[in-house]
> 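Have a look at this one before I ask anything.
FYI, side chains are in, hydrogens and waters are out, and symmetry mates aren't considered; it's all heavy atoms of this structure. Just so it is clear, the model here is predicted, and its values are computed rather than measured. Along the sequence shown, the residues carry numbers beginning at 1.
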Amino acid sequence: LVTLLWSMAGVVTRHLDSAPSFEVTFWRSGFNALALAIALTLIRGPGLWRGLLHAPRVMWISGICWAVMFTAFMVAITLTTVANVLITLAVGPLVTALLARLFLRHRLLPTTWLAIAAASLGIAWMFRQEGDVHLSLVGTLVALAVPFSGAVNFTILQHVGLDRAKLLVDGD
């Protein structure tokens, strides 16, 4: 269901000709916040809201990353073609692998490096086929915030998870 809805977001957004990007992002964010508030309250109970006040900093950083991803996706779709945004999002796994290598010292296998090179060539080829690159440069730059924020979020959460795992092992 998530994949279906995510894939339709670009098409639906493009049909909202009369609404500016900020308004679309605002209403989408508002309804998402309401849905999450209801769902999380039903799942976790009212104690969820008290727990948020004492939540660790990493949770708030993750929330900021999600806000950037959410907003940048909608704004980018209003600034360039849906295809351009989706091609740009394809760099997400590549950026995530590179950040994990750089900051977490994850070892990337030669096959991973080969996949990164092949995917980079494929993405470059798709952009070349796009046509007027200057027309969509701003949209592409905004869209790049999505995979970069996702990669930062993943890397930070992995770092915290690795630290907790070390504490559990060292604490025994």
Side-chain angles (χ1 to χ4, degrees), residues 1-16 18-80 82-106 108 112 115 119 139 142-172:
L1 178 62
V2 169
T3 303
L4 174 67
L5 294 175
W6 184 261
S7 67
M8 293 178 0
V11 175
V12 171
T13 302
R14 293 308 253 169
H15 284 83
L16 300 174
S18 63
S21 63
F22 176 78
E23 187 175 336
V24 171
T25 303
F26 173 81
W27 287 111
R28 183 174 184 244
S29 299
F31 284 116
N32 184 47
L34 178 64
L36 279 173
I38 292 169
L40 289 174
T41 301
L42 290 173
I43 292 169
R44 306 268 317 267
L48 164 79
W49 303 107
R50 287 185 298 279
L52 282 177
L53 296 175
H54 306 292
R57 184 176 16 175
V58 71
M59 192 221 41
W60 292 103
I61 294 170
S62 179
I64 290 168
C65 288
W66 276 102
V68 169
M69 288 186 280
F70 201 77
T71 305
F73 176 77
M74 293 305 295
V75 172
I77 283 194
T78 62
L79 294 173
T80 187
V82 173
N84 195 18
V85 172
L86 295 179
I87 291 169
T88 304
L89 296 184
V91 304
L94 311 175
V95 174
T96 303
L98 293 174
L99 286 184
R101 171 72 181 119
L102 183 65
F103 293 106
L104 301 177
R105 306 285 187 238
H106 283 191
L108 298 181
T112 303
V142 171
L144 276 172
V146 178
F148 276 95
S149 294
V152 167
N153 190 35
F154 177 83
T155 304
I156 288 171
L157 294 177
Q158 283 289 303
H159 177 70
V160 170
L162 291 174
D163 284 350
R164 285 199 179 132
K166 279 184 189 176
L167 287 174
L168 291 174
V169 172
D170 293 341
D172 290 341

> Which atom pair, heavy atoms only, marks the closest approach of His106 to Gln158?
CE1-OE1, 4.1 Å

> Work out which heavy atom in Leu144 is nearest to a heavy atom in Val91; give both atom names and the distance.
CD2-CG2, 4.0 Å

> Going from CD1 on Ile43 to CD1 on Ile38, what distance comes out if it is rounded to the nearest 0.5 angstrom?
12.0 Å

> What pair of heavy atoms forms the shortest contact from Leu79 to Gly139, and how long is it?
CB-CA, 3.7 Å

> Ala97 and Leu108: which non-hydrogen atoms are nearest, and at how many Å?
O-CD1, 3.8 Å

> State the OG1-CZ distance between Thr96 and Phe148, to the nearest 0.5 angstrom.
9.5 Å

> For a quick test of reading the model, state the closest non-hydrogen atom pair linking Ala72 to Ala145 and the distance between them.
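Heavy atoms of Ala72 and Ala145 come nearest at CB-CB, 3.8 Å.
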
> Scan Val85, Leu86, Thr80 and name whichever one has a side-chain contact (heavy atoms from CB on, under 4.5 Å) with Val82.
Leu86

> Applying side chain to side chain contact (heavy atoms under 4.5 Å, CB included), run through Ile156 and Phe103 and close with a yes or a no.
CA-CA 9 Å; Ile156 288 171; Phe103 293 106; over 6 Å; no

> Where is the tightest heavy-atom contact between Ala151 and Val95, given as atom of each residue plus distance?
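Residues Ala151 and Val95, closest heavy atoms: CB-CG1, 3.5 Å.
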
> Is the shortest heavy-atom distance from the side chain of Leu89 to the side chain of Phe73 under 4.5 Å?
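A side-chain contact under 4.5 Å exists here.
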
> Looking at side-chain heavy atoms only, is the closest gap between His159 and Val58 below 4.5 Å?
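They are not in contact (no side-chain heavy atoms under 4.5 Å apart), so the answer is no.
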
> Once you round to the nearest 0.5 Å, how far does CG of Asn153 lie from CG of Leu99?
11.5 Å

